[in-house]
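I have placed the structure first, in the form of structure tokens, so that the comments after it can refer back to it.
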Amino acid sequence: MSTRIAFLKGHGTENDFVIVPDPENAVDLSPAAVAALCDRRAGIGGDGVLHVVRSAAHPEAAHLAAEAEWFMDYRNGDGSVAEMCGNGVRVFARYLQHAGHVAEGELAVATRGGVKTVHLAKDGDVTVGMGRAVLPEGDVTVSVGERSWPARNVNMGNPHAVAFVDDLAHAGDLLSPPPCEPAAAYPDGVNVEFVVDRGPGHVAMRVHERGSGETRSCGTGACAVAVAAARRDGADPAATGTPATYTVDVPGGTLVITERPDGEIEMTGPAVIVAEGEIDPEWLDAAVRRRS
């Protein structure tokens, strides 16, 4: 790379991202480059990269260009590609507003998990239509050390295992992926949430995000947790016709999740842009060589 690359830094409930605006998809973001940018000591630091591309310019999103002008080409902190990131969508939308591409109100964002509807509110919160949860059949077990728990298999466009525990400390350090059985339930890895109750309609969670380790927040994970909690509590909006709303505390803040009777799930929370600058191409080239 011979030219400097613009970047911004943002977060949603402290799930933080390096934002790379690249409307025409001209920047080659290899896995090594993403990992270098997300390195918290030798790079900018982040749980992942939000690569901002016009849908028409990206081969994976060109078919969605008529529905959504912008594509969130999301990468995990280790450089791997992910289908969706709920906090990332909120920060992505906040960036589009910050850059003058969109105004308050509704917009559509293309992701590998489909087109998401986003509402930018005047009070600063961002609401994302997260789609419907899929609840695969079969028992799943999550383990940490000598402890193990039954878990709910929830797919929010990416896979989740939700375990209800007595104490969030039982999740351990979450530096490595907690083992999930059977392995066949998650052939591409899984995000694992550990959940405790805080009160009626109110839970708290910790999460190991696939490809990133423990993060301060996970939007799709909070949605998966709310759905799992609702089913555990005997609430199914599709059957009752009544929305189910849960407040989900994450280490980085609070998210509000509502599952509607039509199955659609909405997530509301903050999204903040904290800095912007330029990436030194010589540094990035050297960092990629070291990781290659």
Side-chain angles (χ1 to χ4, degrees), residues 15 31 35 47-48 74-88 111-114 130-198 203-236 238 244 246 248-251 255 257 259 263 265 267:
N15 195 185
D47 293 322
Y74 182 66
R75 318 294 182 89
N76 293 314
D78 65 354
S80 59
V81 171
E83 303 93 336
M84 229 315 258
C85 176
N87 287 320
T111 76
R112 290 184 178 87
M130 298 290 287
R132 293 173 170 82
V134 175
L135 302 173
E137 297 291 336
D139 295 329
V140 176
T141 301
V142 171
S143 301
V144 175
E146 297 181 354
R147 291 188 175 96
S148 63
W149 304 268
R152 189 74 190 236
N153 189 348
V154 183
N155 194 290
M156 286 298 308
N158 56 359
H160 296 266
V162 180
F164 292 90
V165 299
D166 295 327
D167 189 328
L168 290 179
H170 291 167
D173 59 24
L174 292 182
L175 295 177
S176 57
C180 293
E181 298 292 341
Y186 302 108
D188 299 316
V190 61
N191 305 284
V192 184
E193 288 79 26
F194 297 86
V195 187
V196 296
D197 288 297
R198 292 286 190 241
V203 297
M205 62 174 265
R206 288 177 63 198
V207 58
H208 177 95
E209 281 199 63
R210 178 184 56 172
S212 296
E214 182 173 14
T215 59
R216 300 283 293 171
S217 179
C218 175
T220 55
C223 293
V225 163
V227 170
R231 299 303 181 274
R232 181 203 59 175
D233 296 341
D236 183 351
Y246 281 79
V248 182
D249 294 337
V250 295
L255 296 166
I257 313 298
E259 184 181 11
I265 298 170
M267 174 182 65

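- Side-chain contact between Arg210 and Asp188 is present, with at least one heavy-atom pair separated by less than 4.5 Å.
- Here the closest heavy-atom approach between residue Gly219 and residue Asn87 is recorded as N-ND2, 3.1 Å.
- Within the 4.5 Å cutoff, no side-chain heavy atoms of Met205 are placed close to those of Val203.
- Heavy-atom neighbours of Asp166 CG from other residues, nucleotides or ligands within 6.0 Å: at or below the threshold of 12.
- Interatomic distance, His170 NE2 to Arg206 CZ, rounded to the nearest 0.5 Å: 11.0 Å.
- Counted within 6.0 Å of CG on Asp78, heavy atoms from surrounding residues, nucleotides or ligands total more than 12; the atom is thus considered enclosed.
- By the 4.5 Å heavy-atom criterion applied to side chains, Glu83 and Thr220 are not counted as neighbours.
- One finds no salt bridge joining Arg147 and Asp167 here, because no Lys/Arg side-chain nitrogen approaches an Asp/Glu carboxylate oxygen to under 4.0 Å.
- Considering CG of Asp249 and CG of Leu168, their distance stands at 10.0 Å, rounded to 0.5 Å.
- Remark: Cys85 SG to Asn158 CG distance equals 8.5 Å, nearest 0.5 Å.
- Here the CG atom belonging to Asp47 is positioned 6.5 Å from the OH atom belonging to Tyr74, to the nearest 0.5 angstrom.
- Side-chain contact between Val195 and Val165: absent, with no pair of heavy atoms (C-beta onward) separated by less than 4.5 Å.
- Interatomic distance, SG of Cys218 versus NE2 of His208, reported as 11.0 Å (0.5 Å rounding).
- Taking the six-membered ring for Trp and thresholds of 30 and 60 degrees, Phe194 and Trp149 have ring planes more than 60 degrees apart, a perpendicular arrangement.
- Here CD of Glu193 is found 10.0 Å from SG of Cys223. Values are rounded to the nearest 0.5 Å.
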**Message:** side-chain contact (heavy atoms from CB on, under 4.5 Å), that's the test. Do Tyr186 and Val192 meet it? Break it down for me.
**Reply:** CA-CA 11 Å; Tyr186 302 108; Val192 184; over 6 Å; no
